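Worksheet for the structure shown next.
Because the structure is predicted, anything quoted here is derived from the model rather than measured. Counting from 1, the numbers follow the sequence of the chain as shown.
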Amino acid sequence: MAVVRRTAKGIWDRYSASDPGLLRLMAGLRTVGAILLALAVLAPLGTSVTHLVAGAMTAMVATFAIQEKEVRGQAITLALGLPVALAAISLGALLNSRVVTGDLFFIVLIFGAVYCRRFGDRGTALGLIGFQVYFVSLFVNASTSALPTLCLTLTIAFACSAVVRFAVVPETPERTLARLREAFRARLAQLIAHQIELLDADADSGEGPEKVLDDLRRSTARLHEAALMIQGRLEEGSRDAAAAALLQRRVADAEIAAERLGVLLLNARSAERVETLTLHLPSAPVPLSRRARIGPDTGTALRRDLRALHLLVVRLVPDDRGTALPYVRNRLLGYREEQGLPQGSPAIQDCFRAIGEAARAILGLRLATDGASDEEYDSPEVMRSREEFEAEEISISGEAAEAEEEEQTGLRRPTTRAAVQVAVGSALAIVGGEFLSTQRWYWAVLTCWVVFLNTASTGEIMVKGYRRLVGTVLGVVAGVALAGAVGNHTWAAFALVVLCVFGMFFTAPLSYAMMSFFVTAMLGLLYTLLNTYSLDVLVLRIEETALGAACGIIAAVLVLPVRTSHRTDEELGTVLARLRDVVSAAVSQLSGGPAVDLVDLARDLDTALDDLRRSTKPLTHPIAPLRARRQTARYIVALLETCAYHARSLAATAELVPSSKSVAADARLALAGRRITHNIDLIAAQVRDEEPDGVIESGSSIASMLDSGRHEVLRTGSVAFRVLRHLQRLDEGIVGLARPLGAPLAAPDSASEPERRLP
């Protein structure tokens, strides 16, 4: 039984890591549950198949449209959504026979639905409900005579959605945050497992190391994704602001410690110095050396300690007590202070120190989430770590942060611009769709609508339209097969519809093409239920989809266009500004300046970088025609991810200054910080198409810029050494950004002092 439990737990951990917080699973189950309950209530009432379809589609819309995190907010939005849905279905039925008036109203409704996004999650949900329910009225060909029955059907569908949301599959911010923490633990365990595989990778095998490196990159990125998702749920899911700030800091510490351990392991396995860029740039080569460089005894000890660290993460749950885990934890934590540090090269000893730092981060994460009370087994090193954590918690309790955002007005507001674009594109889609089919022209309008959702540039709209078309074509093939399989079996068709709905919501965050595939397959089944199925109808679906995507692209290009390059430049400028804020504040605190909330600054940097990553997807997509531009975009994003990692590491170290006895401020670091921020300012000016006031400074390394005490500062393994290494990598990364972005570089000075590089 123990083996079965361990196997089941391992499988669950892998799934939990692939679906952080089980958000996709819960969304699929909640939507499917609402549809099943609506069908179970409507069927005994003798509801016709047409109204069953309307009820199922309304239950689906009422469930997925609401994205608010607070339960009270969800209830209010759901209550407001019912009158909106009743008004939409009534107007759809009344205007069904009035072609011109109905089309004009549909365009106005589309404009309003998109414009409502400016009012946040509630405005977005109500606009989506209004649009989708009006679409349902067109799909089922609603009439005024059937309006009372349709209104009753919609009311039942909304009630079923509420029952499933609040009783059957409840979702609270606290529960979601708890599942996200579990996903973070699972992804952290996966990352350490891949680091162990990296240690065991055979350098003489061509495919083995490359696969391990790809797994390492992927698990590092997924851990960062989970950390960002936790940060997005902290405010609503924590009992107070202090608890949220504490958990945010502990998650950031664990992420940074795990990523740093991976970099140092790469460095120990490599034949030469490895740049942090290796972890962020896909297919970046790493010259792994043979295992003999590490040595059999040292390699065995390193492998043993990595497995012990993995055990600490796997057993990161409240009910794990006893002496075994504290003993392992105490031994690993001793490496932070050179206690029992195994012999080896400086690179190998750095790995052991990093294991100690990771063990400390895991201890802090456990204290923040579960309040583990096993102090009786503490070693002196663990006691010091607990004291540091307590001091940090006291300082966090007294901190408060305020944020201000620039308010855009008029056509500069993204929601206003998108509303105008969608309205124009929908008008074109209505005209073109009427030429293709006077009965099902609305498919072109729906495609035009969806390609604008969650997009901010012309390139994103093109990529989304392309993915929807591909998914639709594949879905038509599946729809033909499924429709032929179910024949006239109504409930078998409904069962397959429910499976398609689950697949649609489960795959939506992963692949828009897969979501479109399930949508189109579902439509083939719905047409079968409505006795309107034919191959010509599904072929028309492809034509209307292509037309709608084309109309959306035309509107995006001609009406208030936002070029992809302009969008990426804006996001790049934001990332550089956030990077400067983090570096400047961290170096200031490390130099003896006042304490600030560096964790929030680092979070803003991560959010901005995530926005930049999304905005560059049209440039890095395989269908992008300019290969050199695609490679440049990937290189710039990878460099910024590397810089963000070192900035986060600096911020995490600077946060220790006020409360730690082992980390002291050093005023000499201010000089290095000034050079880095100066270079960032010049690159930002270049991105804004402004004339740079100076040139990018490079040449002497950060270590050689310090005036005195070099040997003390550069002692391998010391905190000051680590700070200098992060500053050095930041300096190199910023200079590396200057070249592809065209910022002016200073000419090398051959007479300058020889560069002193950090390993």
Side-chain angles (χ1 to χ4, degrees), residues 24-64 85 89 132-133 135-143 146 148-165 167-169 440 443 472 474-508 514-538 541:
R24 291 186 286 120
L25 178 64
M26 291 296 109
L29 290 178
R30 197 176 301 113
T31 307
V32 166
I35 294 174
L36 290 176
L37 184 58
L39 293 175
V41 173
L42 291 170
L45 300 177
T47 308
S48 66
V49 173
T50 300
H51 289 174
L52 284 176
V53 170
M57 294 181 71
T58 302
M60 178 180 71
V61 172
T63 305
F64 80 76
I89 199 76
Q132 293 286 359
V133 173
F135 173 81
V136 169
S137 73
L138 298 174
F139 185 75
V140 300
N141 197 22
S143 61
T149 307
L150 277 174
C151 289
L152 178 61
T153 300
L154 263 63
T155 303
I156 292 174
F158 266 78
C160 292
S161 176
V163 170
V164 171
R165 176 179 291 275
V168 180
V169 190
R440 295 183 176 86
W443 289 123
T472 299
L474 297 176
V476 164
V477 176
V480 170
L482 292 175
V486 299
N488 295 322
H489 298 85
T490 300
W491 292 110
F494 267 121
L496 290 175
V497 166
V498 169
L499 289 177
C500 287
V501 169
F502 180 82
M504 177 172 58
F505 286 96
F506 189 78
T507 59
M514 284 299 298
M515 188 196 76
S516 301
F517 165 81
F518 283 112
V519 169
T520 305
M522 177 188 70
L523 290 175
L525 293 166
L526 291 178
Y527 281 133
T528 302
L529 291 170
L530 296 174
N531 295 318
T532 57
Y533 168 78
S534 69
L535 182 60
D536 292 338
V537 169
L538 291 182
R541 161 78 172 156

Compare all side-chain heavy atoms of [X] with those of [Y] and state whether any distance is below 4.5 angstrom.
| X | Y | value |
| --- | --- | --- |
| Trp491 | Leu529 | no |
| Val501 | Phe518 | no |
| Phe494 | Val53 | yes |
| Val537 | Arg440 | yes |
| Thr153 | Ile156 | no |
| Val61 | Phe135 | no |
| Leu526 | Phe139 | yes |
| His489 | Leu496 | no |

Determine yes or no for a side-chain-to-main-chain donor-acceptor pair under 3.5 angstrom, with Thr63 supplying the side chain and Ala34 the backbone.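 Not at all, since once roles are kept as given, no pair shorter than 3.5 Å links the two residues.
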
Does Ser161 use its side chain to pair, donor to acceptor, with the backbone of Ala157 at less than 3.5 Å? no

Can you tell me how far the [atom1] atom of [X] sits from the [atom2] atom of [Y], to the nearest 0.5 Å?
| X | Y | atom1 | atom2 | value |
| --- | --- | --- | --- | --- |
| Met515 | Thr520 | CE | OG1 | 9.5 Å |
| Met504 | Phe64 | CE | CZ | 7.0 Å |
| Leu42 | His51 | CG | NE2 | 10.5 Å |
| Met60 | Ile35 | CE | CD1 | 6.0 Å |

Which atom names give the shortest non-hydrogen contact between [X] and [Y], and what distance separates them?
| X | Y | answer |
| --- | --- | --- |
| Cys151 | Ile89 | SG-CG2, 4.2 Å |
| Met522 | Cys500 | CB-CB, 3.8 Å |
| Leu525 | Ala493 | CD1-O, 4.2 Å |
| Leu39 | Pro44 | O-CD, 4.3 Å |
| Leu52 | Thr47 | N-CG2, 3.9 Å |
| Thr31 | Phe505 | CG2-CE1, 3.5 Å |

Does Arg30 have any salt bridge (charged side-chain N to carboxylate O under 4.0 Å, His left out) partners at least two apart in sequence or in another chain, and if so, which?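 Partners of Arg30 by the salt bridge (charged side-chain N to carboxylate O under 4.0 Å, His left out) criterion, ordered by chain and then number, come out as Glu171.
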
Should Leu523 and Trp443 be marked as a side-chain contact (heavy atoms from CB on, under 4.5 Å) after you check the CA-CA gap, both sets of side-chain angles, and the distance that decides it? CA-CA 11 Å; Leu523 290 175; Trp443 289 123; 3.3 Å; yes

